[in-house]
Number of protein chains: 2
Amino acid sequence: MFGMIEAEVFRILSDPTRRAVFERLVGQELSVSELKDSFAVSQPAISQHLAALRNAGLVEERREGRFAYYKANPNGLAPLVNWVDRYRSFWPEKVEKLKDVLKRMDR
Amino acid sequence: MFGMIEAEVFRILSDPTRRAVFERLVGQELSVSELKDSFAVSQPAISQHLAALRNAGLVEERREGRFAYYKANPNGLAPLVNWVDRYRSFWPEKVEKLKDVLKRMDR
DNA sequence: CAAACATATAAGCACATACTTATACGATAG
DNA sequence: CTATCGTATAAGTATGTGCTTATATGTTTG
């Protein structure tokens with residue numbers, strides 16, 4: 001049941017271009033055309049990636065006239081984050097790094 | 001340079017069957033035939049997935065006579081773990097859960 | 001040695017998917 | 001109102017990929 005969602009997030013983020021689109025939208029709202037200028041693909045390709053990301057809950061849309069602004073929804077990463085955390089305990093080497101992440105978050 | 005490796009790990013783990021094979025091998029060494037019995041695909045399919053996982057550094061092989069034993073190498077998850085951590089700070093809701101993970105690791 | 005076994009590789013196929021160009025649709029501008 | 005602009009959708013295509021069956025390779029057994 002929940003595995004399905006996790007599979008979806010994995011599938012959507014496995015494409016390098018689409019993943020890059022998501023990364024570009026983290027903490028930054030951009031219109032489709034602004035986004036397009038960052039990539040070597042056509043506008044329709046961008047729109048298609050955005051639709052896929054939106055469907056997976058990884059991106060949110062805000063309409064304003066003829067413009068469409070998109071930003072990442074980090075909550076959409078939840079299935080992936082949970083998956084990684086499940087196996088993190090088998091991966092002891094970089095625990096310190098993770099603790100640093102938490103420290104930085106507390107500030 | 002490092003992005004390439006991250007892309008590889010994403011690509012390899014995006015297939016549900018292959019991801020399930022990896023999960024099955026976490027903390028447990030299994031031969032190819034033992035592994036095969038857990039899945040609804042043929043033995044060659046399993047071998048192909050194992051070769052892919054091995055190439056990505058996600059799995060390790062140990063040969064013993066005509067048997068081949070595989071186990072997950074959690075270190076291979078490093079690129080994915082790092083990617084997730086990069087965006088975790090934008091995802092504040094489940095920090096408590098993450099702290100629980102660390103607590104469990106300390107024990 | 002020959003047969004059975006465990007696994008890997010080869011070849012082919014069916015299907016998914018990421019891209020393109022062309023076009024539709026709605027909104028603003030002149 | 002018409003043209004232009006921003007975005008989405010449609011249709012077609014090329015490539016990737018996960019699977020299968022068949023076969024090769026190496027190992028143990030009798």
Side-chain angles (χ1 to χ4, degrees), chain A residues 3-25 28-73 80, chain B residues 3-25 28-73 80:
Chain A
M4 297 295 285
I5 298 173
E6 161 194 302
E8 177 76 354
V9 174
F10 260 109
R11 193 178 65 80
I12 294 300
L13 289 178
S14 67
D15 179 69
T17 304
R18 192 159 47 225
R19 191 169 61 253
V21 168
F22 172 82
E23 296 184 38
R24 190 93 176 69
L25 291 172
Q28 187 173 24
E29 197 185 52
L30 291 174
S31 73
V32 176
S33 10
E34 286 170 330
L35 207 45
K36 179 193 59 184
D37 295 337
S38 302
F39 297 94
V41 297
S42 65
Q43 172 266 313
I46 297 290
S47 282
Q48 286 159 19
H49 284 312
L50 287 169
L53 289 165
R54 191 169 178 275
N55 249 321
L58 285 162
V59 135
E60 281 169 5
E61 188 196 28
R62 181 177 64 86
R63 288 220 150 258
E64 192 176 319
R66 51 182 166 174
F67 295 86
Y69 295 97
Y70 287 87
K71 64 175 177 183
N73 173 21
L80 182 60
Chain B
M4 297 295 284
I5 299 173
E6 162 195 302
E8 177 76 354
V9 174
F10 260 110
R11 193 177 66 80
I12 293 301
L13 289 178
S14 68
D15 179 69
T17 304
R18 192 159 47 225
R19 191 169 60 254
V21 167
F22 172 82
E23 296 185 37
R24 190 90 176 69
L25 291 173
Q28 186 174 25
E29 198 184 53
L30 291 173
S31 72
V32 177
S33 11
E34 285 170 331
L35 207 45
K36 179 193 61 183
D37 295 337
S38 301
F39 297 94
V41 297
S42 65
Q43 172 266 314
I46 297 290
S47 281
Q48 286 160 19
H49 284 312
L50 287 170
L53 288 165
R54 192 169 177 275
N55 250 321
L58 285 162
V59 134
E60 280 170 5
E61 186 196 30
R62 182 175 64 86
R63 287 216 150 263
E64 193 177 319
R66 52 181 165 175
F67 296 87
Y69 294 97
Y70 287 87
K71 64 175 177 183
N73 173 20
L80 182 60

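Numbered from 1 within each chain, the chains take letters A, B, ... in sequence-line order.
- Summarising the geometry, atom CD belonging to E60(B) is positioned 12.0 Å from atom CG belonging to L53(B); distances are rounded to the nearest 0.5 Å.
- Pairing each heavy atom of G57(A) with each of N73(A), the nearest pair is O-ND2, 3.3 Å.
- Protein chain A contacts DNA chain C over a range whose 5' and 3' limits, counting nucleotides with an atom under 4.0 angstrom from a non-hydrogen atom, are dT17(C) to dA29(C).
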Heteroatom pairs (N/O) under 3.5 angstrom, protein to nucleotides 11-18 of chain D:
residue : atom : partner : partner atom : Å
dT17(D) : OP1  : R11(B)  : NH1          : 3.2
dG18(D) : OP2  : R18(B)  : NH1          : 2.9
dG18(D) : OP2  : R18(B)  : NH2          : 3.0

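- Not one side-chain nitrogen or oxygen of Y70(A) sits closer than 4.0 Å to the OP1 or OP2 atom of dG6(D).
- Summarising the geometry, atom CG belonging to L58(A) is positioned 14.5 Å from atom NZ belonging to K71(A); distances are rounded to the nearest 0.5 Å.
- Judged as a salt bridge (charged side-chain N to carboxylate O under 4.0 Å, His left out), the pairs with a partner in residues 29-58 of chain B (not counting sequence neighbours) are, in order, E29(B)-R62(B), R54(B)-E61(B).
- Annotation: cation-pi geometry not satisfied between R63(B) and Y69(B) (NZ/CZ under 6.0 angstrom from ring centroid, within 45° of ring axis).
- Within the nucleic acid shown, F39(B) has no heavy atom closer than 4.0 Å to any nucleic acid atom.
- Contacts of A45(B) with the nucleic acid, taken as non-hydrogen atoms under 4.0 Å apart, include base atoms.
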Residues H49(B), D15(B); criterion side-chain contact (heavy atoms from CB on, under 4.5 Å); working and verdict: CA-CA 9 Å; H49(B) 284 312; D15(B) 179 69; 3.3 Å; yes
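- Between S14(A) and R19(A), the shortest heavy-atom contact is O-NH1, 3.5 Å.
- Within 4.0 Å of Y69(B), counting heavy atoms only, lies no atom of the nucleic acid at all.
- In this structure, OG on S33(A) lies 8.0 Å from CD on Q43(A), to the nearest 0.5 angstrom.
- Nearest approach of V59(B) to A72(B), heavy atoms of both residues: CG2-CA, 4.1 Å.
- Shown for residues 29-38 of chain B: residues whose heavy atoms fall under 4.0 angstrom of DNA chain C, namely S31(B), V32(B), S33(B).
- Here the closest heavy-atom approach between residue S47(B) and residue V32(B) is recorded as OG-CG1, 4.0 Å.
- In this structure, the side chains of F10(A) and I5(A) stay at 4.5 Å or more apart for every pair of heavy atoms.
- In the region residues 50-61 of chain B, proximity to DNA chain D at under 4.0 angstrom, judged on heavy atoms, holds for none of the residues.
- The shortest non-hydrogen separation linking T17(A) to F39(A) is O-CE2, 4.3 Å.
- In this structure the side chain of Y70(B) never reaches within 4.5 angstrom of the side chain of L30(B), judged on heavy atoms.
- Taking every heavy atom of both residues into account, R18(B) and I12(B) meet most closely at NE-O, 2.8 Å.
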Kindly indicate, with the supporting measurements, whether the criterion side chain to side chain donor-acceptor pair (under 3.5 Å) is fulfilled by R24(A) and S38(A). CA-CA 9 Å; R24(A) 190 93 176 69; S38(A) 302; 2.8 Å; yes
How does protein reach along nucleotides 22-30 of chain D, written 5' to 3' as B (base within reach of a heavy atom under 4.0 Å), S (only sugar-phosphate), or - (no contact)? B----BSS-
